[in-house]
Structures are given as C-alpha cells and as structure tokens.
Amino acid sequence: MDILSQLNPAQRQAAEAISGPLLILAGPGSGKTRVITHRIAYLIKVCGVSPRHIMAVTFTNKAAREMEERLNRLAKASVKELTLGTFHAICARILRQEGRAIGITPGFTIYGRDDQISLLKRAIQEVDLDPKQYPPAAILSAIGAAKSQMLTPGGYAQHSSSYFEEVVARVYERYQQLLGQSNALDFDDLLMKAAELFSSQPGVLDRYQQRYQHILVDEFQDTNLVQYQLIKLLAGKHRNICVVGDPDQSIYSWRSADLRNILSFEKDYPEARVVLLEQNYRSTRSILEAASGIIAVNQQRKPKKLWTDNDAGEPVNIVETYNEQEEAQFVVREVERLVAAGQAKPSDCAVMYRTNAQSRALEEAFIRYGTPYRLVAGTRFYERREVKDIIAYLKLIQNTRDSVSLLRIINIPQRGIGDRTLSQLTSWASSANLSRYEALQLLSSPQEDKPPPFSPHAARALGSFYAMVEELVVGSRQLSLVDLFDLVIRKSGYREYIQNTPDGEERWENVLELRTVAQQYGDLPPGEGLIAFLEGVTLVSDVDGYDESAGAVTLITLHQAKGLEFSVVFIVGMEEGVLPHIRSFDDPGQMEEERRLCYVGVTRAKSRVYLVRAFRRSLMGGNTVNGPSRFLADIPSQLVSGVGLRRGEESQIAAGAYSWDGAPASAFDLPELKVGDQVRHGWFGEGVVVSCQPVRDDSELVVAFRGVGVKKLLLSFARLEKVD
DNA sequence: CGAAAGGCTCTTTTT
DNA sequence: GAGCCTTTCG
C-alpha cells in the first residue's frame, strides 16, 4: 500500500524527503497538515523508523491531539512513543526528567501569565520601584523578550541601554530569585532552561540527539529564537529537520516570534531542500484572489503565486453597519438566512475579530436570536476566580514553596489572616531565610529560637492553616486526584464560601466543571496525576477546548483562527483602528503584521467571506467613529459585492443583492431633516427627529420612534423617509 | 480584620 | 465597562 498516493507531486516530495533538512513553505489551504501526518506515517510504516525517534512540534495542544488522531488512523500503529506536543509541553517534560543537572527540582510549578504578573509585582516592589510607574505587563513583555533570546538577568543588564532597560534588568534579577524561591519556572523559562540544559550538558544533549532522528516543526514562522536554538541543538546530530511554515501567516512577533528563523534556516542548513506548496484546496478562487490582493501590499515579503482549481464562487461581501450591535445583528441574521436557505449549517460558520472585547456584542446578538454559538477563547475558564483558587490550593499542595499560590489562598475563605499578619509572616520568614510555608511549619513546632511576631489570634489562624495544608499534602500522596480535590473543598470550606458570593451557584458549577477535568487524570498514580493535571491546566490554550462538532457558530479571535477552516467566515470590525489595530499605526512592521492577520482570517474561508465594519463603535466606555479598514481597498473590486453600504459606495453593489432589514433597497435619496421632522424607518416605524448632529460628511440623528423608543441613526445609512 | 464603596487605569493578539 | 487598587467605615 502506498501511504503517499493521496498526495499531489509537491506534497509527495515534501513527505518523501526524509533525510536532511527540509523547509516546506506552505500557503494557506495547501494541505500542510496532510503532508506532515503523511510524512510521519511514511517514516514509521515505510522507512521503519520507530515513533520513539520522532519529535513533532505543534503550535497548540489541539493541533497535537489532532495529529495524533490522524496518525492513529493513518499509520494504524501505536504512536504513543512519538514525542508530540507544543514546545512548552515538550520542554516541561524534558525538564522534569533532566532538570536536576542544572539545578531544577522535578516538582517545579509552572507559572502562567497571571502568576508571572503577580510575582512580578512583588519583584517590582522589592527593588523599591512603583508598580504604577512601571506597569508589570510592560516589564513582563521585556523579560519575555529577553528570555526568548536566552538573555539571563546578567546578560540583559550588560545590554541595557536605556533607563527603562536598567529598571527591567533589576526587576528581572529579583524576579528570577523569587521564581527560584518558589520552585517555579515561568512559561518562557521552560524554553530557556531547556536550551540551557542542552547547551551546558553535552551528555544529556547527546542522548536526546541520538534519540531524535527526525524532527518536525509546524508553524515555523511563529517560532522565536530559543525555539530555533532548541531544535538546532536537538537536530545537531542527524540533521533530519523538517520545518513547515508560511511567512505570510506570521502573526506572533509580539511574542518574539522571529521571521528571520526561516532565513537562518537556509543559512544554518545550506544543504536544505525547499518545497513550495502553492496549490490551494480550501477556498474559492474569489476568496484566494481577494486574500492575495490584501497580502500583496506588504513590502517585507517574497511574492508567491498561489493558485486553485476551485470555482470562482461568490464575491467577497463587504458590509457596513451603523454600530457594533447592528454589526452583530447582521452576522446573526445572515447566518440564519444561510441556514434557512440550506447553504450552511451553524457549525460551518465562524465570526472572527481582532480583540476579545469585540465578542461581547456578538454574543449578545446570538443569545437574543437564540442562534447557537461557541466562544472559543473568551470563556477563559481557567481565568475565573473560583477556578484559580482551587488550582492554587492544588498547586500549593504539590509544591509548598509556591508563594504565588500560597498568598492567593492563605485567606480564602477568610481565616483572619490579614495584610498585617501576612507582612509579618513575610519578613519573619525572610529573616530566617525560609519560605513562608517553612516558617509556618516552624511556628507550629515548639522549638523556636526566633520568637514569632504574631498576636495569639494571628498565630492560631496561621497554625490551623498550616495544619490544613499539611493534611492535604498527606492526602495527596495516597488519594486519587478527584478524592484529593474533594478533600480540598471539604477541608477548606470552599463550597460554603463560594456559594455565598454573588453568582455563587454559577461559580460553584465552575468548580464542579474543574472537578470533571480532574477526573480525566484518574488513572494516574496520586503524585503524577496531580502534576499532570496542573501542567495541563497551565499549558492549555483556548483553542484547545474548541470542538468543531458542537453544531454552533464559532466566535474566535483572528489569532486563534490560524490553522482552522470554515465554510463561511465573517470578519467583523474591518475598521481603521480595529483591524489594523491602532497600536500598529506608527510602525510599518506592525502594520504588515496586521495585514497578515487579515490575510489569515480571509484564507480560513472555503466558500463565503463577509468583511463587516461598523460606522460607530463603543470602545472602553467612549465612542469612536472609524473609517473603513485600509485592507478593504486592496481587494480587487471585481471580487467584491457590497451590502448596506453608504451612499457613494453604492455603485459597487450588485443591485438589490441584499436587503437585510426589509427596508426598500432603492431609496437612496437622502432627505433633508431637521429636529421635529416626522420620519419613517423600514424597521422601527414612524418617529420624530429629536436631534441632528453633523458627523464627518454625514449626519447622526436621534429619532424617537413610536412604541419602539429612542434610536441613534446615521442619515446616509438609516434609509429614513420623511413623512409630511 | 473585612466588607463596601469609590477611584483609578487600561484594554491587542497568547504558549 | 471592568477589573484592580485604595480608602473608609463598622
């Protein structure tokens, strides 16, 4: 049987070139995932390579899971021994195994973004800086950038060339100390320490080089320097390294992803073969050409010629609405229309946006219309207070030095351990050179040479907290994860506590949902289950939970949409300041990235694309009027059809293509209106003009409609009729 | 010590 | 509009 028989010639070439370095430049929809899975299956089934000797790195856990499923089907062999996962997950595994060699305890805790921020706040305070003047988020991103270039605090300090960087250097150093005291590694440490391990321990490196005869990296355009170094080290012996990417889909530069990795690849591996995958199997020709029009404007790119055998399909729809509510309403109604016409199922449709905040208006509309939807990220399940609390308990049990978790829950539920007691504990512990938890331990044992500073009341509270955690720690050694979970709830009194807060029942439900997650680790031995669970909940990404079979419309950020595909794609917020985002305006490089983001969105679509913008949008409380996104102008006009466009743009519309609120689509003469005039609206009925404000080249009206209420409308858009 | 109220600052994207 | 922090009061 020929595993590769289903591939086109270029794909086949990419799958077969198993020895030596290989760079696959894969356009959107070109069957990239297909190539990777077939390549691995080919390695295993045809070339007889043991899965043990293969490492495949994906961008998300979900991608890893899917690849595993596909391989199980394709190779019909156990791929259990395959090393498959994200850089972070793979590095965490390696460090638990080998970290001792560079002073890392196997039971380390992984700090995610929120933990990082909270530890960073403390670090900033401890070097006597004001967290208000130096926002933790800004410092965190500087430290992250440093770590992605493998700069230690010392190394960073040497390079620092501005006052801010000197500040960062000081904070960075303290922050690393605090991490060490907590026996914790942050996200970026996972990569950096793994690279450090391999650079400093030739013996360890040698073993791993021996093992990984074949290495594959997906989404290579979004790797950063540490990640590049890691694979360079690992592939150093066999040099069978295959990287797959598309420079036009590089959208993570803010996370230190570096497109230069693709250039470096050809330099570091001069013998590398390059395969281009240019045939698109996903999209209609109109969609592909529209996307090409958008991306072609970028200067920093190699032109490439994507093509497809698919039909031209429908034009790309450009839609203007008045505000984000109407934008959302348009989306929902259009979905309903497509569904009713039998042209799509809800699950075929996705709504994409630049920022998470945009999902709110959409959600409200979906709820109001009763149309099923699924929000990919936003749920942010693991960011909920109650979920974080329980996880903090479990983290503390697993690693009692974890100061972030300890401080989070030491007084939740309230145990009478207030700020004062806490700062006493902190200074007492640090003067004795102990972790806070060790200090608690000392407090409850009789031999004290340093008298603890606490009031009897506080001492009792601390003592009973310590006793509780100790009991939980003991439990963790013998109980299954779920039993431990229940013990935590019982001993802490968390259920009663959370149920008495606002939205208590809903919060409790979330705790139970977390419990269900914990159940999935039931077959692991006690300690291992806990570590695996904690690692799982820390390294999850939002798309990981995304289930395409849910039968609902998908609401998703453009970033998360990378790698997915849908029949029908709505991109909302096609406005200057939103997409492209305002923060990219003064940086041409960032602007190019916004353009790539738009390109990623459009190329997710198989058959229909709607680019929707709102004339007015509320942003952070305020209101803004945004012009249409510059990207819209870069789509060849013959590929476009407009809906609900304002006057002056109507010429582009295929006449009568769409009338989305039942208003007569032909009434384009703008009536001259003044306060007090009677008007009729196709939707709201009759009303009276309350105010009339000029906005740009237009007028914004406030109209009181009989039996409907007061509405704000845009003159050119509302299609009002004057009633005499 | 803790709850409640008021004031402040941000809001890009995320493994 | 929300979350976070500080202040204030009981």
Side-chain angles (χ1 to χ4, degrees), chain A residues 57-64 85-92 110-114 116-118 121 130-133 135-138 140-141 144 147-148 185-191 219 222-224 226-227 250-257 352-361 376-378 380 382-385 411-422 455 457-458 461 497 500-502 535-544 556-562 573 577-585 587 590 593-594 596-598 600-601 618-624:
Chain A
V57 188
T58 58
F59 193 71
T60 62
N61 299 299
K62 174 171 184 279
T86 63
F87 272 107
H88 290 84
I90 292 174
C91 287
I110 301 171
Y111 277 179
R113 188 185 158 86
D114 292 338
Q116 290 178 290
I117 293 277
S118 96
K121 278 182 194 157
D130 182 5
K132 274 182 188 145
Q133 217 172 338
L140 180 60
S141 103
K147 287 184 174 178
S148 73
L185 300 180
D186 71 11
F187 270 155
D188 306 307
D189 283 339
L190 292 177
L191 308 176
E219 305 287 6
D222 286 319
T223 54
N224 63 26
V226 204
Q227 292 169 334
S250 162
I251 53 176
Y252 282 93
S253 71
W254 49 273
R255 218 172 72 187
S256 308
M352 303 178 185
Y353 36 83
R354 177 66 234 267
T355 64
N356 282 302
Q358 290 170 256
S359 67
R360 169 166 304 145
V376 169
R380 304 265 178 207
Y382 292 102
E383 284 172 29
R384 289 168 184 275
R385 193 186 335 156
N411 200 32
I412 288 183
Q414 287 78 19
R415 311 186 164 86
I417 303 174
D419 290 344
R420 194 180 148 75
T421 309
L422 225 43
S455 68
H457 176 76
Y497 158 76
N500 280 318
T501 59
E535 195 158 302
V537 299
T538 310
L539 298 180
V540 277
S541 64
D542 292 314
V543 270
D544 292 343
I556 192 169
T557 67
L558 286 160
H559 281 89
Q560 294 167 333
K562 188 180 68 165
V578 179
L579 182 66
H581 194 270
I582 191 161
R583 296 267 286 248
S584 66
F585 280 8
D587 181 345
Q590 286 302 313
E593 185 149 313
E594 297 291 307
R596 291 194 291 269
L597 199 48
C598 184
V600 166
S618 53
L619 256 167
M620 316 178 220
N623 247 319
T624 48

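Quick caveat, the model's predicted, so the values are computed rather than measured. Each chain gets a letter, A, B and so on, in the order its sequence line appears, and its residues count up from 1.
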If you look at every strand shown and take non-hydrogen atoms under 4.0 Å, does [X] touch a base, only sugar-phosphate, or nothing?
X	answer
A:R420	sugar-phosphate
A:N411	sugar-phosphate
A:S584	nothing
A:K562	nothing

Whole angstrom is fine here: how far is it from [atom1] in [X] over to [atom2] in [N]?
X	N	atom1	atom2	value
A:K121	C:dC4	NZ	C1'	7 Å
A:L422	B:dC1	CG	C1'	13 Å
A:E383	C:dG3	CD	P	11 Å
A:I582	B:dT13	CD1	P	15 Å
A:I117	C:dC4	CD1	C1'	12 Å
A:I412	B:dA3	CD1	P	10 Å
A:R360	C:dA2	CZ	C1'	8 Å
A:Q116	B:dT14	CD	P	15 Å

Closest nucleotide of DNA chain B for A:H581 versus for A:F187: which of these residues is on the 5' side?
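On the 5' side of the pair lies A:H581.
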Considering heavy-atom distances to DNA chain B, does A:L597 or A:D419 have its closest nucleotide positioned more toward the 5' end?
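Per heavy-atom nearest nucleotide, the more 5' residue is A:D419.
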How about [X] and [Y]: do any of their side-chain heavy atoms sit closer than 4.5 Å?
X	Y	answer
A:T557	A:T355	no
A:L597	A:H559	yes
A:L191	A:Q227	yes

Does [X] have a side-chain nitrogen or oxygen under 4.0 Å from the phosphate oxygens OP1 or OP2 of [N]?
X	N	result
A:Q414	B:dA3	yes
A:N356	B:dT13	yes
A:Q560	B:dT14	yes
A:T557	B:dT14	yes
A:T355	B:dT11	no

Side-chain donor-acceptor pair under 3.5 Å between A:E535 and A:T538, yes or no?
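No, no side-chain donor-acceptor contact under 3.5 Å.
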With the criterion set at under 5.5 Å between ring centres and under 30 degrees between planes, would B:dT15 be stacked on A:F59?
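According to the criterion (under 5.5 Å, under 30°), no, A:F59 does not stack.
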Shortest side-chain distance from A:T86, nucleotide among B:dT15, B:dT11, B:dT14:
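Side chain of A:T86 sits closest to B:dT15.
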A:E594 (side chain) donor-acceptor with A:H581 (main chain) under 3.5 angstrom
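Side chain of A:E594 to backbone of A:H581, a donor-acceptor pair under 3.5 Å: yes, one is there.
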Closer than 4.0 angstrom, basic N to acidic O: yes or no for A:D186 and A:R113?
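So A:D186 does not pair with A:R113 through a salt bridge.
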Are A:D222 and A:K562 close enough for a salt bridge, meaning some N to O gap below 4.0 Å?
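Here A:D222 pairs with A:K562 in a salt bridge, since their nearest N and O are under 4.0 Å apart.
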Name the stems with DNA chain B in them: runs of three or more consecutive Watson-Crick or G-U pairs, distances under 3.5 Å?
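As far as DNA chain B goes, consecutive pairing (with distances under 3.5 Å) yields the stems B:1-10 with C:1-10.
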is_close_aromatic(A:F59, A:Y252), centroid dist under 6.0 Å:
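Yes.
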